[in-house]
Amino acid sequence: MLKKIFNNKKIIALIIFFSVLCMCGVCFSSSRSRNPKEIDVDIAIIGAGGAGMTAAIAACEAGVQNIVILEKQAFVGGNTLRASAGFNAANTRYQKAAHIEDSTELFMQDTIKGGKGLNDRELVKSLALNSAKTLDWFNGLGANLTQLGILGGSSVKRTHRPADTSSVGHVIVQTLNKQLNLHKIPVLLETTATKILTNSKGKVCGVEARGKNGNKIIIHCKAVVLATGGFSANQKLVTSYRADLAGFGTTNHPGATGDGIKMAKKLDAALLDMKLIQTHPTVHPTTQTMFTEAVRGNGGILVNKEGKRFVNELATRDIVSAAILKQNGKSCYLVFDDAVRKSLKAIEEYVKLKIVKEANTLEELANSIQVPQGEFIATMTRYGNFQRNGHDPDFGRCSMERPLNQPRFYAAICAPAIHHTMGGVKINTNCEVINKKGAKISGLFAAGEVVGGVHGGNRLAGNAIADIIVFGRIAGKGAADYIKNNGEITSSKANKELTQEETTPLVIANKKGKYKDGKYDGSAPGRHGDIKIRVTVTNGNITKLELIEHNDTSGLLEATLKQIETRMLTSQNTDVEVVSGATLSSNGIIEATRQALQKAR
């Protein structure tokens, strides 16, 4: 048989032909894995956490539609999914309604004081100035961060949380993910960015990545937004800067390994504050579940294994963490009552995980957590008296929401764990990445925990959510502006536009306006049918715009309305600019308002 085969010249020729094909890498499926997949977009965003998703939406609203997000994990959200506190914002409409006096100046003071004065003051200023309007923008997307609370390091109730008291992270991710779907922005899951590409002029021109099957992917683009988060889950990198944190657990997801910092470093990006690493004080030692700071903000206290308080529970995280590490066993108990539990939906998750002890009486709880019963009851009684008198002479706690006397009673063991890396790449107020020589890396933007300088030596609770959304929005607008203006951000447009929105007062002059008081309806065509607007006139001035009926995309139209409303209320005129990226919707709102005001003349 073999002799016949080798005597057959046609068969021999075929064998030689296919052998050559295989040697050249043409034969079989191996050729598919060797040739990289190539994608052409305007903006590539690395990381689908809160900052990355926000940047994508902001860029799309600014008029750039061809965007892709790369995410190394199999799901979107990143560390934002684990966020539990809230969104810090100053001088908001919700604070005003609750008669809470706050200001951007006080927000800045608290942030810089908490950061030990090591913050980049210009970034802190941008964070504070942009916080209120960015919160309005975000709530306009469909979120409902309207409940107020106070967290460690803040002078007043500044933390805006979901109205249903649930963890803020899931609300943020769901809200942003819905917008990604509405804008049809693709997310490449299980796709790990490995290198940021530049051209011969040093301008960013693409991203090299590895797909879930190990296939190489090349994304050609005009700008990159780096939103890869921090490096708390990279024990080797953490201990290279802070050897004292060896062996600490982390509250972060496994993907928080500092990939973005490594890629930026290869482009000679400047890094700062890399040694500034924060521990969260109240983390369950076994499961690494983080007990949100809101438990303490809503009234919970900390007691040591001797049954005594030992720190102001609302001090900054570094102070509370350091105090816990000085206690017996380097741990303590987070104690609260049923009133606190009912005030915070997030607690139900801890109960389901069975990491919280509960009892009908304080005596039973003391026995359950094995602390001296007499000392524990004395501590609880003393704290209750402080709460009723509104003064804590022991530790100077400024806010004591509840006396902790409502059965049932609860306690959970906790200890510090690595939570946030304050260090990262250096940016300017347009979120452009700066190199070691102080120059911009053309086409590279960054936002979120991958950035250094915002939080200084210690991040305040609630400032991370403000950080990712405020700077994510600036980065997205900046990248879009960079593309539309041929590689330049005109007059710091990205940051100035947002800052002007934030500082625009929603205050109407006392003088009599030109319209008749009352409520008036008007309608005009929008993107998908008529938009009906109700205009309220008080003392002759336009004081409110309400969306009554529409068939446009839910969330997007509400966000557009808020921006148009701000412009009309401050100018008392319907001749206002349209919102970038929402021209049809803006024109519909403006014309409907004009129609309504015709009836008020």
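Note that the coordinates shown come from a computational prediction; the quantities given were computed from them, not determined experimentally. As a basis for the values below, the full set of heavy atoms in this structure was taken, side chains included, without hydrogen atoms, waters or symmetry mates.
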Check your understanding: Can you list the steps and then say if D42 with I67 is a side-chain contact (heavy atoms from CB on, under 4.5 Å)?
Key -> CA-CA 6 Å; D42 287 324; I67 301 166; 5.8 Å; no
Check your understanding: Do F310 and I324 come within less than 4.5 Å of each other through their side chains, counting heavy atoms only?
Key -> yes
Practice item. Hey, could you give me the NE2/CD1 distance between H280 and I418, rounded to the nearest 0.5 Å? Key: 14.0 Å
Check your understanding: Which distance, rounded to the nearest 0.5 Å, do you find between the CG of L267 and the NZ of K195?
Key -> 9.0 Å
**Study point:** Test side chain to side chain contact (heavy atoms under 4.5 Å, CB included) applied to V41 and I69, V68, V207, the passing residue
**Key:** V68
Review point. Does atom NZ of K72 have more than 12 heavy-atom neighbours, drawn from other residues, nucleotides or ligands, at distances under 6.0 Å?
Key: yes
Study note, to complete from the structure: Correct closest heavy-atom pair for Q179 and I57 would be CB-CD1, 3.4 Å
Exercise for review: Would you mind reporting whether C60 and Q65 have side-chain heavy atoms less than 4.5 Å apart?
Suggested key: yes
Practice item. Enter the distance from F75:CZ to E190:CD here, rounded to the nearest 0.5 Å. Key: 10.0 Å
Revision key, fill the gap. By ring pair (Phe, Tyr, Trp, His ring centres under 6.0 Å), Y350 pairs with (sequence neighbours left out) F291
Check your understanding: Between K201 and S442, is any side-chain donor less than 3.5 angstrom from a side-chain acceptor?
Key -> no
Revision key, fill the gap. dist I347:CD1 -> L334:CG (nearest 0.5 Å) comes out at 8.0 Å
Point to revise | Flag, side chain of T80 to backbone of G50, donor-acceptor distance under 3.5 Å | key: yes
Point to revise | Check: T251 and R82 side chains under 4.5 Å, non-hydrogen atoms | key: no
Check your understanding: Which atom names give the shortest non-hydrogen contact between E313 and L302, and what distance separates them?
Key -> OE2-N, 3.1 Å
Point to revise | Criterion side-chain contact (heavy atoms from CB on, under 4.5 Å) on L344 and T292, from CA distance to verdict | key: CA-CA 10 Å; L344 197 61; T292 174; 3.9 Å; yes
**Study point:** Main-chain N/O of F87 paired to H160 side chain as donor or acceptor, under 3.5 Å
**Key:** yes
Review point. Is P162 close to V168 at the side-chain level, that is, under 4.5 Å between some pair of heavy atoms?
Key: yes
Check your understanding: Relative to each other, are the rings of F231 and Y241 parallel, tilted or perpendicular (30° and 60° limits)?
Key -> tilted
Review point. Judged by atom type as modelled, is there a donor-acceptor pair below 3.5 Å linking the side chain of E432 to the main-chain atoms of K440?
Key: no
Check your understanding: Roughly how far, to the nearest 0.5 Å, is the CG atom of L271 from the NZ atom of K265?
Key -> 6.5 Å
Exercise for review: For the pair N435 (side chain) and I441 (backbone), establish whether a donor and an acceptor sit closer than 3.5 Å, ignoring hydrogens and angles.
Suggested key: no
**Study point:** Which atom of A55 lies closest to which atom of V225, heavy atoms considered
**Key:** CB-CG1, 4.0 Å
Check your understanding: Where the side chain of E449 meets the backbone of T421, is there a donor-acceptor pair that is under 3.5 Å apart?
Key -> yes
**Study point:** Pair I261-L237, side-chain contact (heavy atoms from CB on, under 4.5 Å): steps then yes or no
**Key:** CA-CA 11 Å; I261 291 171; L237 189 56; 5.7 Å; no
Exercise for review: Check A143 against T175 and note the closest heavy-atom contact, atom names and distance.
Suggested key: CB-OG1, 3.8 Å
Review point. Is the side chain of S131 donor-acceptor paired with the backbone N or O of A89 at a distance under 3.5 Å, no angle test?
Key: no
Check your understanding: In terms of side-chain geometry, is the basic nitrogen of D318 or K116 positioned less than 4.0 Å from the acidic oxygen of its partner?
Key -> yes
Review point. Can you find a pair of side-chain heavy atoms, one from I217 and one from L70, that are under 4.5 Å apart?
Key: no
Check your understanding: Within a radius of less than 6.0 Å around NZ of K262, do more than 12 heavy atoms belonging to other residues, nucleotides or ligands occur?
Key -> yes
**Study point:** NZ/NE/NH1/NH2 to OD/OE distance under 4.0 Å, R473 and E61
**Key:** no
**Study point:** Spatial distance of atom CG (N428) from atom CD1 (I474) [nearest 0.5 Å]
**Key:** 10.0 Å
**Study point:** Side chain to side chain, V173 and M53, heavy atoms closer than 4.5 Å
**Key:** yes
Check your understanding: Donor-acceptor pair, D164 side chain versus S166 backbone, under 3.5 Å?
Key -> yes
Check your understanding: Given R296, which of I150, L314, L151, N312 fulfils the side chain to side chain contact (heavy atoms under 4.5 Å, CB included) condition?
Key -> L314
Review point. Just wondering, more than 12 heavy atoms not from R210 lying within 6.0 Å of its CZ?
Key: no
Review point. Would you find a donor on one side and an acceptor on the other, under 3.5 Å apart, between the side chain of N66 and the backbone of I43?
Key: no
Point to revise | Working for side-chain hydrogen bond (donor to acceptor under 3.5 Å, both in side chains), residues T282 and E293 | key: CA-CA 8 Å; T282 55; E293 200 153 329; over 6 Å; no
Exercise for review: Say whether, by atom type as modelled, one donor and one acceptor occur between the side chain of S126 and the main chain of E122 under 3.5 angstrom.
Suggested key: no
**Study point:** Distance-minimising heavy-atom pair for T228 and G260
**Key:** OG1-CA, 3.1 Å
Practice item. Go through the steps to decide whether N463 and D467 satisfy the test side-chain hydrogen bond (donor to acceptor under 3.5 Å, both in side chains), and finish with yes or no. Key: CA-CA 6 Å; N463 272 5; D467 175 7; over 6 Å; no
Review point. Do side-chain atoms of S321 reach the backbone of T279 as a donor and acceptor pair under 3.5 angstrom?
Key: yes
Check your understanding: Which pair of heavy atoms, one from R459 and one from M422, lies closest together, and at what distance?
Key -> N-SD, 3.9 Å
Exercise for review: Step by step, work out the side-chain contact (heavy atoms from CB on, under 4.5 Å) result for S167 and E349.
Suggested key: CA-CA 10 Å; S167 292; E349 293 300 316; 5.8 Å; no
Exercise for review: Kindly indicate whether the side chain of V451, heavy atoms from C-beta on, has any atom under 4.5 Å from the side chain of F471.
Suggested key: no
Practice item. Begin with the C-alpha distance, continue with both residues' side-chain angles, and end with the deciding distance and a verdict on side-chain hydrogen bond (donor to acceptor under 3.5 Å, both in side chains) for D110 and S155. Key: CA-CA 7 Å; D110 287 347; S155 298; 2.7 Å; yes
Check your understanding: Side chains of W137 and I469: does their closest heavy-atom pair fall under 4.5 Å?
Key -> yes
